[in-house]
Amino acid sequence: MSVSELARKWGVSEKAARLHSESFVWECCISWISMEIMHSDRQKKKECLPRYLASGANYVSLTAAGDSGGLVSTAVHYLAGERRFIKETMADTCILVERFEDIERARKEGKLAVGFHFQGCNPMHGGLREEPGDLNLVQFYYDLGVKQALLAHNRRNISADGCHEDGDAGLSTFGQKLVKEMSRVGMMLDCTHTGERSTMEAMEIYGQPVIFSHSNPKRMFNHPRNITDAQIKACAETGGVIGVCGWGPIVNASNDASPEEVMKHIDYMVQLVGPEHVGIGLDYVYQPELTTQRMQRQPEYYAPTKNMGSYGYDVALMDFMPPEDLPMLTELMLKKGYSDDAIRGILGGNFLRVAKQVWK
């Protein structure tokens, strides 16, 4: 497709279309798992991934498990099904990433590179072992395509405090060991959804670039899911990247995840730590109605604590920035006067740099 055709398709200028199509676009978080329906939503999943490819994306990371329902058996069964789905059903458009070279191969073949992540480390649970978790599972999951993992998802788990805890207790003893093992194996440490003290301790221990896959600056919108300037700066000091999130309840009080509103968060971080530490992690879901209902049915993970307001979890329908809006972010960055190199980094080059450094 020519540049002029892409510009018309995406609704952007030809300059933005050319830059976007030539850049490596990395979407750091798609909320993929739907525990209520598990494998029964294949048709919607088949329709979702090509939307990213059509929007210029080159790599996406899918949620494969998390703290909610985070049993080892659940994670293994889900990963088994999703690996087969990507490698067989989606073979014409997708390549499952098992090593860094698969990303380069996917781009050469015009396909979407697909990896997995965990939203919380309860799938590392140790079962009957004396220790609450099993460190051997880190390498096991990594070999299955889980290239990044959150320590905790909103609430306290076996490794860390989440960002919705009234306290801020930091890493557990197991959590400290887990961070070191993730670094050894090459699994990217993701501090999104995690309590501030836990993230600061983890960033000191990990010893490599750290990411926040889908977080926004708290100075822009004071939501417990967003992160402080201190966290942003600490991440940048590791050489890491913060993926700006397009989930309405943490973008603003209006639940507005339009590209213009998301761009405000991108620009805040660029001004604070530089474009080389900013990326994109939209946290898009392909079934927003089901996701909104699920969050409202799981108060153990999403309900406000005694010190919080509703913080957008009670809206009728949560807003998510869709992949089709990715080219518009390129347009908005050009209008802000960002250099081509800065835009390429934010679109995906920065996450690509971290993966190349961290993955083993």
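In what follows, every heavy atom counts, from backbone to side chain, and hydrogens, waters and symmetry copies are set aside.
With contacts defined as side-chain heavy-atom distances shorter than 4.5 Å, the pair Ile211/Cys235 does not qualify. The shortest distance between side-chain heavy atoms of Cys29 and Ser61 does not fall below 4.5 Å. Taking 4.5 Å as the limit, some side-chain heavy atom of Leu272 sits within range of a side-chain heavy atom of Asp229. Counting only heavy atoms from C-beta outward, the side chains of Leu53 and Lys111 never approach each other to under 4.5 Å. Using a 4.5 Å heavy-atom threshold, the side chains of Val146 and Phe118 count as touching. You'll find the side chain of Thr330 stays beyond 4.5 Å of the side chain of Leu326, heavy atoms only. Using a 4.5 Å cut-off on side-chain heavy atoms (C-beta onward), His265 and Pro217 make contact. Between Phe140 and Val76, the closest side-chain pair of non-hydrogen atoms falls below 4.5 Å.
Met182 and Ile158 fall within the same hydrophobic cluster, defined by Ile, Leu, Val, Met, Phe, Trp and Tyr side-chain heavy atoms under 4.5 Å apart, directly or through other members. There is a path of hydrophobic side-chain contacts, each under 4.5 Å, that joins Leu332 to Val262. Hydrophobic cluster membership differs between Ile86 and Ile95, with clusters built from Ile, Leu, Val, Met, Phe, Trp and Tyr side chains linked at under 4.5 angstrom. Residues Met263 and Tyr268 fall within the same hydrophobic cluster, defined by Ile, Leu, Val, Met, Phe, Trp and Tyr side chains chained together at heavy-atom separations under 4.5 Å. Cluster membership for Leu150 and Leu62, using ILVMFWY side-chain heavy atoms within less than 4.5 angstrom, is not shared.
No more than 12 heavy atoms of other residues, nucleotides or ligands sit less than 6.0 Å from atom CZ of Arg219. Under a cut-off of 6.0 angstrom, the local environment of CD in Glu204 is sparse, with at most 12 non-hydrogen atoms contributed by other residues, nucleotides or ligands.
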Quiz prompt | Stepwise side-chain hydrogen bond (donor to acceptor under 3.5 Å, both in side chains) check, Thr199 with Thr194 | solution = CA-CA 6 Å; Thr199 67; Thr194 306; over 6 Å; no
Exercise. In sequence, state the C-alpha distance, the side-chain angles, and the governing distance for Val285 and Ile30, and then conclude on side chain to side chain contact (heavy atoms under 4.5 Å, CB included).
Key: CA-CA 6 Å; Val285 300; Ile30 302 177; over 6 Å; no
Practice problem: Assess whether side chain to side chain contact (heavy atoms under 4.5 Å, CB included) is satisfied between Phe116 and Val97, documenting all intermediate values. | Solution: CA-CA 9 Å; Phe116 299 115; Val97 173; over 6 Å; no
Practice problem: Mind running side-chain hydrogen bond (donor to acceptor under 3.5 Å, both in side chains) on Asp319 and Asn255 for me, showing each step along the way? | Solution: CA-CA 6 Å; Asp319 192 23; Asn255 182 36; 5.8 Å; no
Quiz item: Could you walk me through whether Lys46 and Thr89 pass the side chain to side chain contact (heavy atoms under 4.5 Å, CB included) check?
Solution: CA-CA 8 Å; Lys46 284 173 65 177; Thr89 306; 3.8 Å; yes
Quiz item: Given Asp341 and Ser339, is the side-chain hydrogen bond (donor to acceptor under 3.5 Å, both in side chains) satisfied, shown in steps?
Solution: CA-CA 5 Å; Asp341 284 346; Ser339 70; 5.5 Å; no
Exercise. Start with the C-alpha distance between Gln139 and Arg184, add both sets of side-chain angles, then the distance that settles side chain to side chain contact (heavy atoms under 4.5 Å, CB included), and finish with yes or no.
Key: CA-CA 9 Å; Gln139 184 74 63; Arg184 186 194 71 80; 3.8 Å; yes
Quiz item: Given the rule in the side-chain hydrogen bond (donor to acceptor under 3.5 Å, both in side chains) test, do Ser213 and His117 qualify, once you have shown the distances and angles that lead to the verdict?
Solution: CA-CA 10 Å; Ser213 63; His117 63 265; 5.9 Å; no
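Thr228 and Glu196 share a side-chain donor-acceptor pair at under 3.5 Å. For Ser198 and Asp161, the side-chain atoms include no donor-acceptor pair closer than 3.5 Å. Inspection of the Ser13 and Glu331 side chains reveals an N or O donor paired with an N or O acceptor under 3.5 Å. Side chain to side chain, Ser4 and Glu14 fail the donor-acceptor criterion of an N or O pair below 3.5 Å.
The shortest heavy-atom contact between Pro327 and Val12 is O-CG1, 3.7 Å. Residues Tyr206 and Val179 come closest through the heavy atom pair CD1-O, 3.6 Å. Taking both residues in full, the closest heavy atoms of Pro132 and Phe174 are given as CG-CB, 3.9 Å, listed atom of the first, atom of the second, then distance. Taking each heavy atom of Ile280 and Glu27 in turn, the nearest pair found is O-OE1, 3.5 Å.
In this structure, CE on Met124 lies 9.5 Å from CG on Asp134, to the nearest 0.5 angstrom. Atom-to-atom distance recorded for Met321:CE and Met328:CE is 9.5 Å, nearest 0.5 angstrom. With values rounded to the nearest 0.5 angstrom, Leu189 atom CG is found 13.5 Å from Lys180 atom NZ. Taking CD1 of Ile250 as the reference point, atom NZ of Lys218 lies at 11.0 Å (rounded to 0.5 Å). Asn154 CG to Gln119 CD: the interatomic distance, rounded to the nearest 0.5 Å, is 9.0 Å. Here the OG1-CD distance, from Thr192 to Gln231, works out to 9.5 Å after rounding to the nearest 0.5 Å.
A distance-only check finds a donor-acceptor pair linking the side chain of Glu5 to the backbone of Ser2 [under 3.5 Å]. With hydrogens and angles ignored, the 3.5 Å screen pairs a side-chain donor or acceptor of Thr238 with a backbone N or O of Gly240. Side chain of Ser159 to backbone of Leu151: a donor-acceptor contact under 3.5 angstrom is found.
Checking each of Ile227, Ile232, Asn226, Asp283 against Ser215 for a side chain to side chain contact (heavy atoms under 4.5 Å, CB included) leaves exactly one that passes, namely Ile227. Applying the side chain to side chain donor-acceptor pair (under 3.5 Å) test between Glu47 and each of Lys45, Arg51, Gln43 identifies Gln43 as the sole match.
Here Lys108 does not pair with Glu101 in a salt bridge; the nearest charged N to carboxylate O distance is not below 4.0 Å. With respect to the salt-bridge test (charged N to carboxylate O, under 4.0 angstrom), the residues Asp267 and Lys264 do not qualify. A salt bridge does not link Arg107 with Glu104: every distance from a Lys NZ or Arg NE/NH1/NH2 to an Asp or Glu carboxylate oxygen is 4.0 Å or more.
Taking the six-membered ring wherever Trp is involved, the centroid distance between the rings of Trp32 and Tyr286 falls below 6.0 Å.
With a 6.0 Å cutoff to the six-membered ring centre and a 45° limit on the axis angle, Lys147 counts as a cation-pi contact of Tyr142.
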Per-pair distances, 0.1 Å, donor-acceptor, side chain in residues 351-360, under 3.5 Å, sequence neighbours excluded:
residue: Arg353; atom: NH1; partner: Glu276; partner atom: O; Å: 3.3
residue: Arg353; atom: NH1; partner: Asn350; partner atom: OD1; Å: 3.2
residue: Arg353; atom: NH2; partner: Gly239; partner atom: O; Å: 3.1
residue: Arg353; atom: NH2; partner: Glu276; partner atom: O; Å: 3.2
residue: Lys360; atom: NZ; partner: Ser183; partner atom: O; Å: 3.3
residue: Lys360; atom: NZ; partner: Val358; partner atom: O; Å: 3.2

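Legend: ring-ring contact (aromatic ring centres under 6.0 Å, His included) pairs involving residues 182-202, not counting sequence neighbours, sorted by first then second residue: His153-His193, His193-His214.
His223 and His164 have tilted rings, their planes meeting at an angle from 30° to 60° on a 0 to 90° scale.
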